[in-house]
Amino acid sequence: MSAVDEGGRVVLRGSDPLEVCEEVVARGLHPEGVDVDTGTRVLPLVLDDRNHLLTWIRLYSRCLAARSLLLAGAADRCMWEIEAALIAAADPPCFLDEVYLAELVQLLRSAQRAILAGETDIEHHGPYVAVTMAENLCATRMIRREVHQDRRQYPRT
């Protein structure tokens, strides 16, 4: 993994999140000043902006809608929401979000497969659990970001 300064930012090359994070820590870099060149594109390591939060809010609302529609028996509309969430999750806003988005995609695909297999009534727990877990993952990412923001605005004394 090599590093190149580019306009005051450090660009690290690599595709493994653990290796990239270890390099950031070993070099004492601030995560918000690091970009990662994965070989296919360059992404910021982390983001701390409004658009990043809005991405997770949008994903959360899609998962919430999918879960509600599934409970209401509207499997076709639930599938539409799942597909919309999959499209939104296909473009990670930063390098480290790829890990969380991959998990989200896996959960949504699991629900999608179960619904396509006909598991749409109350006796089937698989798709409901998968969509609920996806919804909780999005909520966790939003809360984690906001807790981080509060700590930056109101540091512990």
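Side-chain atoms are counted along with the backbone in the values below, which use heavy atoms only and exclude waters and symmetry mates. These figures come from a predicted structure and were not determined experimentally.
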What are the two closest heavy atoms between [X] and [Y], and how far apart are they?
X	Y	answer
Val36	Gly14	CG1-O, 3.5 Å
Pro44	Arg9	CB-NH2, 4.2 Å
Cys78	Ile115	SG-CD1, 3.7 Å

- Start with the C-alpha distance between Leu45 and Asp35, add both sets of side-chain angles, then the distance that settles side chain to side chain contact (heavy atoms under 4.5 Å, CB included), and finish with yes or no. CA-CA 5 Å; Leu45 177 65; Asp35 292 329; over 6 Å; no
Using atom types as modelled, flag every donor-acceptor pair under 3.5 Å from a side chain in residues 80-89 to any protein atom, sequence neighbours excluded.
{"from": "Glu81", "atom 1": "OE1", "to": "Arg62", "atom 2": "NH1", "distance (Å)": "2.9"}
{"from": "Glu83", "atom 1": "OE1", "to": "Gln112", "atom 2": "NE2", "distance (Å)": "3.0"}

Measure the [atom1]-[atom2] distance between [X] and [Y] for me, rounded to the nearest 0.5 Å.
X	Y	atom1	atom2	value
Leu64	Leu69	CG	CG	9.0 Å
Leu104	Asn136	CG	CG	11.5 Å
Tyr60	Met142	OH	CE	6.0 Å
Met79	Thr120	CE	OG1	10.5 Å
Leu12	Leu29	CG	CG	6.5 Å

- Counting N and O atoms only, with roles assigned by atom type, does the side chain of Arg13 sit under 3.5 Å from a partner on the main chain of Asp37, one being a donor and the other an acceptor?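 It does not hold such a pair.
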- Checking Ser110 side chain against Gln106 main chain: does a donor-acceptor pair fall under 3.5 Å? no
Atom pairs and distances, side-chain donor-acceptor, residues 91-102, under 3.5 Å, sequence neighbours left out:
{"from": "Asp91", "atom 1": "OD1", "to": "Arg41", "atom 2": "NH1", "distance (Å)": "3.2"}
{"from": "Asp97", "atom 1": "OD2", "to": "His52", "atom 2": "NE2", "distance (Å)": "2.5"}
{"from": "Asp97", "atom 1": "OD2", "to": "Trp56", "atom 2": "NE1", "distance (Å)": "3.2"}
{"from": "Tyr100", "atom 1": "OH", "to": "Arg141", "atom 2": "NH1", "distance (Å)": "3.4"}

- Connected via hydrophobic side-chain network under 4.5 Å: Val105 and Leu59: yes
- Under 4.5 Å side-chain linkage, directly or through intermediates, the cluster mates of Leu107: Val129, Met133
- Message: In the structure I gave you, are the side-chain heavy atoms of Leu18 and Glu22 within less than 4.5 Å of one another anywhere?
- Response: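 Contact flag for Leu18/Glu22 side chains = yes.
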- Any side-chain heavy-atom pair from Arg27 and Val10 closer than 4.5 angstrom? yes
